[in-house]
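Labels below follow one simple rule: chain letters A, B, ... track the order of the sequence lines, proteins then strands, and each chain is numbered from 1. Values below: all heavy atoms of this structure, side chains included; hydrogens, waters and symmetry mates excluded.
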2 protein chains.
Amino acid sequence: MKSAPQQENPSALPASSSPAASQPLPAGLDAMLCFAIYGAAHAFTRTYKPLLEPLGLTYPQYLVMLTLWEDDASTVKQLGDRLGLDSGTLSPLLKRLELSGLVTRKRNRQDERQVNVHLTDAGLAMKQQAVGVMSAIGQATGCTRDEANAMLEELVALKERLLKAGE
Amino acid sequence: MKSAPQQENPSALPASSSPAASQPLPAGLDAMLCFAIYGAAHAFTRTYKPLLEPLGLTYPQYLVMLTLWEDDASTVKQLGDRLGLDSGTLSPLLKRLELSGLVTRKRNRQDERQVNVHLTDAGLAMKQQAVGVMSAIGQATGCTRDEANAMLEELVALKERLLKAGE
DNA sequence: CGTAATTAGATTGTGCGCAATCGAATTGCG
DNA sequence: CGCAATTCGATTGCGCACAATCTAATTACG
């Protein structure tokens, strides 16, 4: 550890307040990447809320539906792996989706530990409405395709590095 | 609405699966910027957890402490404005911090609707330990200073656009 | 084959985040 | 000045996220 030069890294260290150029650098909390991501994530949730309300969905439920539209009859574990959520979050969430009539949960015949989550007709039909949601969100972000893709790749790479650092 | 050309925006629209170059573009959920941010935010929380455990803090509590180290005796409203959280979140959170002996909450004499949140000696002293946390997080992200700053600025701008779109 | 180890999903408990609501205090306006 | 409107923080209610735990089922290994 001592042989490796300590890399000064700004993602969590508050930047100094000295102006490097014509524009002062943000200091403290505002210089922390994690806080910017925290803020952006909450902003997305808030932006989604009125759009998803007519569908009767919360944002995490929407993510689950998106996953099922891609891969209907996924197991709880597959949903969890896909979304980075555990069964503590998914079980009650899926129960509520089932109560809403959007999905059904069925024990897998081959491996009875597994539960497959199937879309109902109503769940399938909802996919059409999701197009409007995606369109509205796309506009709300004010990003071009290239901008969004660039950010997305950086964020995914960051996530992977963080998860790897925690192993 | 009809006169404005519909801008195709990838931040929420699943990208097509056709390879544009040597590397296939992610499709569906993986093409959604909001999901990348959701994932990165959770990854940060997870990365922070073992680092903050010795301090007895959760990540949101840590953000509050950071804010108070910057501006001791902030009101609940100021904390909320700073962190984008409402009193429903902050009141119980601050209560727990008070129970931990890190802060005290006092009614403001000039305007009794307000409550000022003061750091205790223990709360002040904890700032030293936070340096280690920041350092570890900085390393875990694997970002250079310039990379982190660039991402941070984009994310902040995105957050502002999202919040503005919701008005 | 039998048993220990592992897996899968549900549950319990805790903290977080937000909408709605409330009571008290302050501000704004006629 | 009196009262309506607004502000502030606390509370209630609900859904989310995760750690720990549990039961049942499956896999691994001697």
Side-chain angles (χ1 to χ4, degrees), chain A residues 38-50 52-53 55-65 74-100 103-117 163 166, chain B residues 38-50 52-53 55-65 74-100 103-117 163 166:
Chain A
Y38 183 77
H42 287 312
F44 259 121
T45 302
R46 255 169 284 195
T47 307
Y48 266 103
K49 187 177 167 59
L52 293 174
E53 188 182 1
L55 278 61
L57 295 178
T58 62
Y59 175 63
Q61 289 173 359
Y62 174 63
L63 293 178
V64 168
M65 293 301 289
S74 294
T75 65
V76 177
K77 177 172 166 53
Q78 284 166 335
L79 286 171
D81 288 344
R82 190 80 177 81
L83 299 171
L85 304 174
D86 67 20
S87 74
T89 304
L90 283 173
S91 278
L93 186 153
L94 291 170
K95 176 180 278 189
R96 283 186 293 270
L97 283 182
E98 192 169 37
L99 284 179
S100 299
V103 305
T104 56
R105 292 179 295 170
K106 291 189 164 70
R107 281 264 156 209
N108 187 295
R109 283 267 188 74
Q110 278 69 43
D111 182 347
E112 291 194 22
R113 296 172 302 181
Q114 301 184 344
V115 168
N116 293 94
V117 184
L163 296 181
Chain B
Y38 183 76
H42 286 312
F44 259 121
T45 302
R46 254 168 286 197
T47 306
Y48 265 105
K49 186 174 167 61
L52 293 174
E53 189 182 1
L55 278 61
L57 295 178
T58 63
Y59 175 64
Q61 288 173 356
Y62 175 63
L63 293 178
V64 168
M65 292 301 289
S74 296
T75 64
V76 175
K77 178 172 165 55
Q78 285 168 333
L79 286 171
D81 288 343
R82 190 78 178 81
L83 299 170
L85 303 174
D86 67 20
S87 74
T89 305
L90 283 173
S91 279
L93 186 153
L94 292 169
K95 178 181 278 190
R96 284 187 291 273
L97 282 183
E98 191 169 36
L99 284 179
S100 300
V103 305
T104 56
R105 292 179 295 170
K106 291 190 168 67
R107 281 264 157 210
N108 188 294
R109 282 267 189 74
Q110 276 71 44
D111 182 348
E112 291 194 23
R113 295 173 301 182
Q114 302 184 344
V115 168
N116 292 93
V117 184
L163 296 181

Nearest-angstrom distance from the residue atom [atom1] of [X] to [atom2] of [N]:
{"X": "B/R105", "N": "D/dC8", "atom1": "CZ", "atom2": "P", "answer": "17 Å"}
{"X": "B/L83", "N": "C/dC18", "atom1": "CG", "atom2": "P", "answer": "11 Å"}
{"X": "B/L79", "N": "D/dA10", "atom1": "CG", "atom2": "P", "answer": "11 Å"}
{"X": "A/N108", "N": "D/dA25", "atom1": "CG", "atom2": "C1'", "answer": "12 Å"}
{"X": "B/R107", "N": "C/dA24", "atom1": "CZ", "atom2": "P", "answer": "11 Å"}
{"X": "B/L52", "N": "D/dC18", "atom1": "CG", "atom2": "C1'", "answer": "15 Å"}
{"X": "A/F44", "N": "C/dC18", "atom1": "CZ", "atom2": "C1'", "answer": "19 Å"}
{"X": "A/N116", "N": "C/dG9", "atom1": "CG", "atom2": "C1'", "answer": "12 Å"}

Base, sugar-phosphate or nothing for B/L93? Non-hydrogen atoms, less than 4.0 Å.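 Answer is sugar-phosphate: B/L93 comes under 4.0 Å of backbone atoms only.
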Quick one: label A/Q78 by what it contacts on the DNA or RNA (base, sugar-phosphate, nothing), any heavy atom closer than 4.0 Å.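 Since no nucleic acid heavy atom lies under 4.0 Å of A/Q78, the category is nothing.
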Would you indicate whether the side-chain heavy atoms of A/R82 and A/L63 approach each other to under 4.5 Å?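 The answer is no, as the side chains (C-beta and beyond) never meet within the 4.5 Å cut-off.
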Non-hydrogen side-chain atoms of A/N108 and A/V115 separated by less than 4.5 Å: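 With C-beta onward as the side chain, the pair stays apart.
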Under 3.5 Å: donor-acceptor pair, side chain of A/E53, backbone of A/P50: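 Here the side-chain-to-backbone pair does not exist.
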What one-letter contact string describes nucleotides 2-8 of chain C from 5' to 3', where B marks a base within less than 4.0 Å of any protein heavy atom, S marks contact via sugar-phosphate atoms alone, and - marks no contact? -----BS
Results of salt bridge (Lys or Arg N to Asp or Glu O under 4.0 Å) for B/R105 - residues two or more places apart only: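 So B/R105 forms a salt bridge (Lys or Arg N to Asp or Glu O under 4.0 Å) with B/E98.
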What are the atom names and distances for every N/O pair under 3.5 Å that joins the protein to nucleotides 19-21 of chain D?
none

With [X] via side-chain contact (heavy atoms from CB on, under 4.5 Å) - residues at least two apart:
{"X": "A/E112", "answer": "none"}
{"X": "A/T75", "answer": "A/K77, A/Q78, A/Q114, A/N116"}
{"X": "B/T89", "answer": "B/L85, B/D86"}

Hey, is the side chain of A/K95 poking within less than 4.0 Å of OP1 or OP2 on C/dT11, counting only N and O atoms?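 Yes, because at least one side-chain N or O of A/K95 sits under 4.0 Å from OP1 or OP2 of C/dT11.
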D/dA17 phosphate, OP1 or OP2, under 4.0 Å from B/Y59 side-chain N/O: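 So the side-chain polar atoms of B/Y59 never come under 4.0 Å of the phosphate oxygens OP1 or OP2 of D/dA17.
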By side-chain hydrogen bond (donor to acceptor under 3.5 Å, both in side chains), which residues pair with B/R113, not counting sequence neighbours?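 B/R113 satisfies side-chain hydrogen bond (donor to acceptor under 3.5 Å, both in side chains) with B/D111 once adjacent residues are dropped.
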Side chain of B/P92 only, heavy atoms from C-beta on: which candidate in D/dA17, D/dT11, D/dG15 is closest?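 For the B/P92 side chain, the nearest candidate turns out to be D/dT11.
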In a table with atom names and distances, give each donor-acceptor pair under 3.5 Å that connects a side chain of residues 39-47 of chain B to protein atoms at least two apart or in another chain.
from: B/T45; atom 1: OG1; to: B/A41; atom 2: O; distance (Å): 3.2
from: B/R46; atom 1: NE; to: B/H42; atom 2: O; distance (Å): 3.4
from: B/T47; atom 1: OG1; to: B/A43; atom 2: O; distance (Å): 2.7

